[in-house]
Every structure is written in C-alpha cells, then in structure tokens.
Amino acid sequence: MRVGMGYDVHKLVEGRRLILGGVEVLFGRGLLGHSDGDVLLHAICDALLGAAGKGDIGRHFPDTDPEYKDISSLILLEKVKGLIKEYKINNIDSIVIAQEPKLAPYLSKMKENIAKILKLDKSKINIKATTTEKLGYIGRGEGIAAYAIVSLE
C-alpha cells in the first residue's frame, strides 16, 4: 500500500469563475491560476502522483506551458489517472478550506465528478468543507485551500 498527500491554495480574484471539484460554485469571485484554479482537484492530483512516486502536477503540467492555460482540472485529473494506471485507488479523503461560500450544496456533485473521471465508486471518495473561523488569509476571504490524502495499491 502507498499513501500520498496533496495541498493547494489559490487567491480569490474578481473576474474568474469559482471551480471546485469540477463544479462551478456560484460566488462573486474565482480562483486565480494558470488552469481553472481548482484547488480540490489539484490537491487530489498531487496526492495521487505523490503516492505513486511520480512528482507533482507542476512537474507534469507546468504553469509555463500554454497548453494548460485555463484547462479544466478534470482533464488534468484524467491525465493523472493515466500516469498512475498501474495502481488501484483504495480511497481519497479531502478537505476544502474556505471562509465562504458555503460548499455543502456542491459536495455531492464534486464527488460524482471525481468518481466518474477516476472510475471509482463514490463510497471511496470523501470531501469535507470547513472554514478557518475568520482567521488568516482564508478567514479574510483572500483565498481557498484544499488538502487530500489517498491510498493506492
């Protein structure tokens, strides 16, 4: 068994859509990034790559490559799945940290998106959401972060 951990954070800015888990979340700002800025999927990609001993998403999909400009992170997740095809995914546990917006109404669809791309039963995917109780840059609404841990065989 192999275990990997992933983390990502992006700044919230005007003029971008907020995409988390491949779902558009209704909110007045979005995450700044070379791709769609989906911190949840980026954390999951990094956890999968880390567990397989294959580096991180920056190595495979650099933000200096125009091919990945504004790309959906669902596509990146699919590419990561191909990079780790020799492994079976046992489970994914993740958490999104955002002061706002409230993410509970979107979590089920996020889980569906991830399960579909990775061809996993939804019971093997867990997504949680929390705030920082208004502490730090996340608490001030300046950004959103995500952590993920995965187990592979």
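Computed from heavy atoms alone, side chains included, the values below leave out hydrogens, waters and symmetry copies.
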(request) Answer yes if Leu74 and Ile92 sit in the same cluster of Ile, Leu, Val, Met, Phe, Trp and Tyr residues linked by side chain heavy atoms under 4.5 Å apart, and no otherwise. (result) yes
(message) Looking at every heavy atom in both Gln99 and Glu133, which two are closest together, and how far apart are they?
(response) OE1-N, 3.5 Å
Show me the donor-acceptor pairs, under 3.5 Å and distance only, between side chains in residues 21-32 and residues at least two apart or in other chains.
unit_1 : atom_1 : unit_2 : atom_2 : d
Glu24  : OE1    : Arg17  : NH1    : 3.0
Arg29  : NH1    : Gly141 : O      : 2.9
Arg29  : NH2    : Gly141 : O      : 3.2

(request) State plainly whether one hydrophobic cluster holds both Ile117 and Phe61, where clusters connect Ile, Leu, Val, Met, Phe, Trp and Tyr through side-chain heavy atoms under 4.5 angstrom apart. (result) yes
(request) Measure the CG-NZ distance between Leu77 and Lys116 for me, rounded to the nearest 0.5 Å. (result) 12.5 Å
(message) Between Leu120 and Leu49, is there shared hydrophobic-cluster membership here, with clusters defined by ILVMFWY side-chain heavy atoms closer than 4.5 Å?
(response) yes
(message) For Lys69, I'd like to know if atom NZ has over 12 heavy atoms of other residues, nucleotides or ligands within 6.0 Å.
(response) yes
Show me the donor-acceptor pairs within less than 3.5 Å that the side chains of residues 144-153 make with the rest of the protein, sequence neighbours left out.
unit_1 : atom_1 : unit_2 : atom_2 : d
Ser151 : OG     : Asn90  : ND2    : 3.0
Glu153 : OE2    : Asn90  : ND2    : 3.4

(request) Consider only side-chain heavy atoms of I, L, V, M, F, W and Y, link residues closer than 4.5 Å, and tell whether Val96 and Val9 are in one cluster. (result) no
(request) Find out whether Lys119 and Lys81 are in side-chain contact, i.e. whether some heavy atom of one side chain is under 4.5 Å from a heavy atom of the other. (result) yes
(request) Begin with the C-alpha distance, continue with both residues' side-chain angles, and end with the deciding distance and a verdict on side-chain contact (heavy atoms from CB on, under 4.5 Å) for Leu40 and Ser94. (result) CA-CA 8 Å; Leu40 175 58; Ser94 59; 3.6 Å; yes
(message) Which heavy atom of Leu83 sits nearest to which heavy atom of His60, and what is that distance?
(response) CD1-ND1, 3.6 Å
(message) Under the side chain to side chain contact (heavy atoms under 4.5 Å, CB included) test against Ser35, which residue among Ile71, Ile75, Leu41 passes?
(response) Ile71
(request) Would you check if Thr131 and Ile97 make a side-chain contact, meaning some heavy-atom pair closer than 4.5 Å? (result) no
(request) Could you grab the distance from atom NZ of Lys85 to atom OH of Tyr87, nearest 0.5 Å is fine? (result) 12.5 Å
(message) Measuring from atom CZ of Arg2 to atom CG of Leu48, what distance do you get when rounded to the nearest 0.5 angstrom?
(response) 12.0 Å
(message) Within a 6.0 Å radius of atom NZ on Lys54, are there more than 12 heavy atoms belonging to other residues, nucleotides or ligands?
(response) yes
(message) In the structure I gave you, are the side-chain heavy atoms of Ile138 and Glu142 within less than 4.5 Å of one another anywhere?
(response) no
(request) Measure the NZ-CG distance between Lys111 and Asp121 for me, rounded to the nearest 0.5 Å. (result) 9.0 Å
(message) Taking Leu76's backbone N and O only, do any of them form a donor-acceptor pair with Ser73's side chain (distance below 3.5 Å, no angle check)?
(response) no
(message) According to ring-ring contact (aromatic ring centres under 6.0 Å, His included), who are the partners of Tyr106, at least two apart in sequence or on a separate chain?
(response) none
(request) Please report the closest heavy-atom contact between Thr130 and Ile95, naming both atoms and the distance. (result) CG2-CD1, 3.6 Å
(request) Inspect the contact between Lys128 and Asp93 and indicate whether a charged nitrogen and a carboxylate oxygen are less than 4.0 angstrom apart. (result) yes
(request) Take Lys122 and Glu112 through the side-chain contact (heavy atoms from CB on, under 4.5 Å) test and state the conclusion after the steps. (result) CA-CA 7 Å; Lys122 290 188 291 186; Glu112 285 176 29; 3.8 Å; yes
(message) Can you confirm whether the side chains of Asp8 and His42 place a donor and an acceptor under 3.5 Å from each other?
(response) yes
(message) If the threshold is 4.0 Å, N to carboxylate O, is there a salt bridge linking Asp70 and Arg16?
(response) yes
(request) Please check if Leu107 and Ile125 belong to a single hydrophobic cluster, counting links between Ile, Leu, Val, Met, Phe, Trp and Tyr side chain heavy atoms closer than 4.5 Å. (result) yes
(message) Could you check whether any side-chain heavy atom of Asp46 comes within less than 4.5 Å of a side-chain heavy atom of Val80, counting everything from C-beta outward?
(response) no
